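Order of the sequence lines sets the chain letters (A, B, ...), proteins ahead of strands, with each chain counted from 1. As the structure is a computational prediction, the values presented were derived from the model and not from experiment. Scope of the values below: all heavy atoms of this structure, side chains included, with no hydrogens, waters or symmetry mates.
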Amino acid sequence: MLPLPLSLSLPPKTHILPTPCLVLSNHTVSSIFNKMISLASISSPTQDIPLLSLLETCKSMDQLKQIHSHSIKTGLLTNPIVQNRIIAFCCTHEKGDMKYAYRMFDKIPQPSVFVWNNMIKGYNRIDCHRNGVLMYLDMLKSDVKPDNYTFPFLLKGFTRDVAVEFGKELHCHVVKFGFDSSVFVQNALISMYCLCGEIDVARGIFEMSCKDDVVTWNAMFSGYNRMKQYDETRKLFAEMERKGVLPTAVTIVLVLSACAKLKDLDVGKRAHRYVKECKIEPNLILENALTDMYAACGEMDVALEIFGTMNNRDVISWTAIVTGYVNRGQADLAREYFDQMPERDYVLWTAMIDGYLRVNRFKEALTLFREMQTSNIKPDEFTVVSILTACANLGALELGEWIKTYIEKHKVKNDIFVGNALIDMYCKCGDVEKAQRVFSEMPRKDKFTWTAMIVGLAINGHGEKALDMFSQMLKASIRPDEVTYVGVLCACTHTGMVEEGRKYFAGMTTHHGIEPNEAHYGCMVDLLGRAGHLKEALEVIKNMPMKPNSIVWGALLGACRVHRDAEMAEMAAKEILELDPDNGSVYVLLCNIYAACNRWDNLRELRKIMLDKGIKKTPGCSMIEMNGIVHEFVAGDQSHPETKEIYLKLDEMTSDLKSAGYMPDTSEVFLDIGEEDKESALYRHSEKLAMAFGLINSGPGVTIRIVKNLRMCVDCHRVAKLVSKVYDREVIVRDKTRFHHFRNGSCSCKDYW
DNA sequence: ATAGGGTTAG
């Protein structure tokens, strides 16, 4: 009668559903249960009610089969209510068997809408959503009309794919059958559209509803939370309060979850008050949500109080506490709770790994990851992002590569976050080609993807490619943000493209409405200063709309070092020390400059101030990864187990290089010592130790990758160039700001750094 | 005879 859009094609049902045949298994009958059945039929021989109440208490398929066989023997099965209830058990009970249900269902000549509804519900329960839809279509074909229950059952538990595939069409059916004003159906539709990501359609249905059922509101909150639109949840909750709809525990959980994300303690507390005022019985989920909200807002005392009074705690409760501390940068406190939890899942492990990342304790993050693997907890996409970040910071390419293989082999969800982290990891480990490969294989790219690639190309010395990438990004209609522009300016700086830099700096405001911040001014000062325009760089600083910070002055100081301008350096250093009196590296840099300018009196004076103030040079530290293990060296290090071999190799290296024309460059050594001692001070620099270690422990032709915490010194730069030539090795050194790719005697930075 | 909405990490 109703012209329904039945475009969903229906294959013969025997192809999809099990072949019908009713077989009752022979099994041992529990004597107690048998007695219960006898009693049930004896006590009321003419009624089937006792059997039905027995069905209500039925716990397993075994028991059900006994009831079933009993009903056949007694002839009760001919009563449709008994049949229906047996089917309903299989469809709704957590241990119910849908194959069994179907065999019975298939024997019924004209199943009622109740039975159809249950079959639909059953297939959704066991996640066979397509079978549920097919059942529904079958029902229509056999001229049975859906009722109020049909659509909630049908739509419930859809996966996203199924919802996208069938959602709209089923919505049409709802309207045509006239159930669009049923609040249960509306709620089901809202949930279904939220699942598809069609939050606006969901909101439309919500707006059409009478809005006096709390579940309708909850469904919307849930949808907004799922879409990470937490502010919408907050706004809608305020509207619900105005309307006087009373919240339930579910409402409170959803609102608290949004407040945790928004770090909105006020609304969070208000939600908390409803628990007492509305006499909502606190359950585990609600208590977890409360703990998490307070922890996320930094209120660890309150969080711990709730946590402490909980009767039951699960891994989510512990995770809330751990992440609370992690967010406050208190990794050690987080670890205390982490260690106390006996049953840790991958979320808790990842949260703790993330805790170390937040405070730049990357090696501990990797150590914990190894423990996680030993505990046989599988990493997921969140974990691999954290580990890739640690690899990026440590320059641990081998482990990073291993993670990539792991992702592919174990089918870890390869989402945009993972792609971005892979690009970052490859770039920060100096392997731009592999980063580009990941980039080109990514089906979706966001501004972070492009920015990672632009910054990555820039720090690896591919300025032109970085700028080309930037114009491609604009062509792809992705809006750059302030970080993208840092990458763009950085590309200009590292390749000395002064004019381009000026152009992009101007363009960020005019084209994209991004006001330059301190970082951008720092880039400009760097760009102009390094290119020798020191005065212009100073002008830029003087004309900044905000107070110049130590990064900006630091950029000028760095330029003064390159161009050996001691006077301007003194001024820049003074400015930095006013902002940041304990900045040891400023003193060191100024020492370098005095030494390079042969201003020994100034140098001695400064050294005295440093001694008086107890200012020490940040020890230079180099890391090299070998067979998945990160080895660390400080200058003059003798703690490595292979120290003897390393220093022997270093001697050999020095004499090899000297015969290839190496002359130590001691110009930047500011220690007040003889020339010979200066040479030996240089000789023990951490990156040289790491290079020697790398030469010993890797085969011919293998690239040596080193990460250094400070800038490379002039002498080490020279040595690395010669090593690349004399030993025919590619040497890649990542220093504090950029990469040096040494190949065949020259460096990618073209000695411009 | 059968209904709906929930917590944790990049």
Side-chain angles (χ1 to χ4, degrees), chain A residues 49 52 55-56 80-89 91-92 112-122 147-157 179 182-192 194 213-223 225-226 247-258 260-261 283-293 295-296 313-324 326-327 344-355 357-358 379-389 413 415-421 424 448:
Chain A
I49 306 301
L52 288 180
L55 262 166
E56 265 167 37
I81 293 179
V82 174
Q83 272 188 352
N84 292 356
R85 288 304 299 263
I86 291 174
I87 292 175
F89 176 90
C91 293
T92 54
S112 65
V113 66
F114 172 83
V115 183
W116 285 105
N117 286 349
N118 270 289
M119 289 301 290
I120 290 168
K121 184 182 181 183
D147 66 4
N148 270 343
Y149 292 84
T150 310
F151 289 105
F153 284 155
L154 182 57
L155 301 175
K156 156 115 187 173
F179 293 114
S182 152
V183 70
F184 280 100
V185 176
Q186 285 171 341
N187 295 344
L189 282 171
I190 289 173
S191 301
M192 191 272 297
C194 287
D213 179 16
V214 65
V215 178
T216 316
W217 295 84
N218 291 349
M220 272 323 292
F221 297 149
S222 162
N225 282 0
R226 176 191 293 276
T248 62
V250 175
T251 318
I252 301 302
V253 166
L254 290 164
V255 171
L256 286 172
S257 167
K261 291 288 185 322
N283 57 36
L284 177 62
I285 294 174
L286 178 54
E287 287 171 318
N288 283 347
L290 278 167
T291 309
D292 183 58
M293 186 278 292
R313 294 182 202 113
D314 63 4
V315 67
I316 294 178
S317 333
W318 291 85
T319 308
I321 298 294
V322 168
T323 53
V326 164
N327 283 327
R344 306 168 198 155
D345 69 354
Y346 57 102
V347 178
L348 186 56
W349 279 95
T350 308
M352 193 58 237
I353 289 171
D354 194 44
L357 293 186
R358 298 278 184 98
D380 74 343
E381 71 272 18
F382 281 75
T383 323
V384 300
V385 167
S386 293
I387 296 305
L388 288 171
T389 308
K413 192 176 160 204
D415 63 13
I416 200 157
F417 287 98
V418 172
N420 294 349
D424 189 47
F448 299 99

So [X], base contact, sugar-phosphate only, or nothing? Heavy-atom distance under 4.0 Å.
{"X": "A/Glu287", "value": "nothing"}
{"X": "A/Asn420", "value": "nothing"}
{"X": "A/Lys261", "value": "sugar-phosphate"}
{"X": "A/Asp292", "value": "sugar-phosphate"}

Could you please name the option among [options] that lies closest to any side-chain atom of [X]?
{"X": "A/Arg85", "options": "B/dA1, B/dG6, B/dT2", "result": "B/dA1"}
{"X": "A/Ala351", "options": "B/dT8, B/dG6, B/dA9", "result": "B/dA9"}
{"X": "A/Ala249", "options": "B/dG6, B/dA3, B/dA9", "result": "B/dG6"}

Those residues at least two apart in sequence (or on a different chain) that pass salt bridge (charged side-chain N to carboxylate O under 4.0 Å, His left out) with A/Arg358 are A/Asp354
Polar pair under 3.5 Å, donor/acceptor by atom type, side chain A/Thr248, base B/dG5: yes
When you measure only distances, ignoring hydrogens and angles, does the side chain of A/Asn225 come within 3.5 Å of the base of B/dG6 through a donor and an acceptor?
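Per atom types, no contact qualifies.
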Determine: side-chain N/O of [X] to OP1/OP2 of [N], distance under 4.0 Å, yes or no.
{"X": "A/Ser222", "N": "B/dG6", "result": "yes"}
{"X": "A/Ser257", "N": "B/dT8", "result": "yes"}
{"X": "A/Lys121", "N": "B/dA3", "result": "yes"}
{"X": "A/Lys156", "N": "B/dT2", "result": "no"}

Is it the case that A/Thr291 and A/Asn288 place a side-chain donor and acceptor less than 3.5 Å from each other?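 Short answer, no.
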*Can you tell me if A/Asp424 uses its side chain to pair, donor with acceptor, with the backbone of A/Asn420 under 3.5 Å?*
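Side chain of A/Asp424 to backbone of A/Asn420, a donor-acceptor pair under 3.5 Å: no, none is there.
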(request) State which residues pass side-chain contact (heavy atoms from CB on, under 4.5 Å) with A/Asn225; sequence neighbours excluded, sorted by chain then number. (result)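 side-chain contact (heavy atoms from CB on, under 4.5 Å) check on A/Asn225 returns A/Tyr230, A/Thr233, A/Leu254, A/Ser257, A/Ala258.
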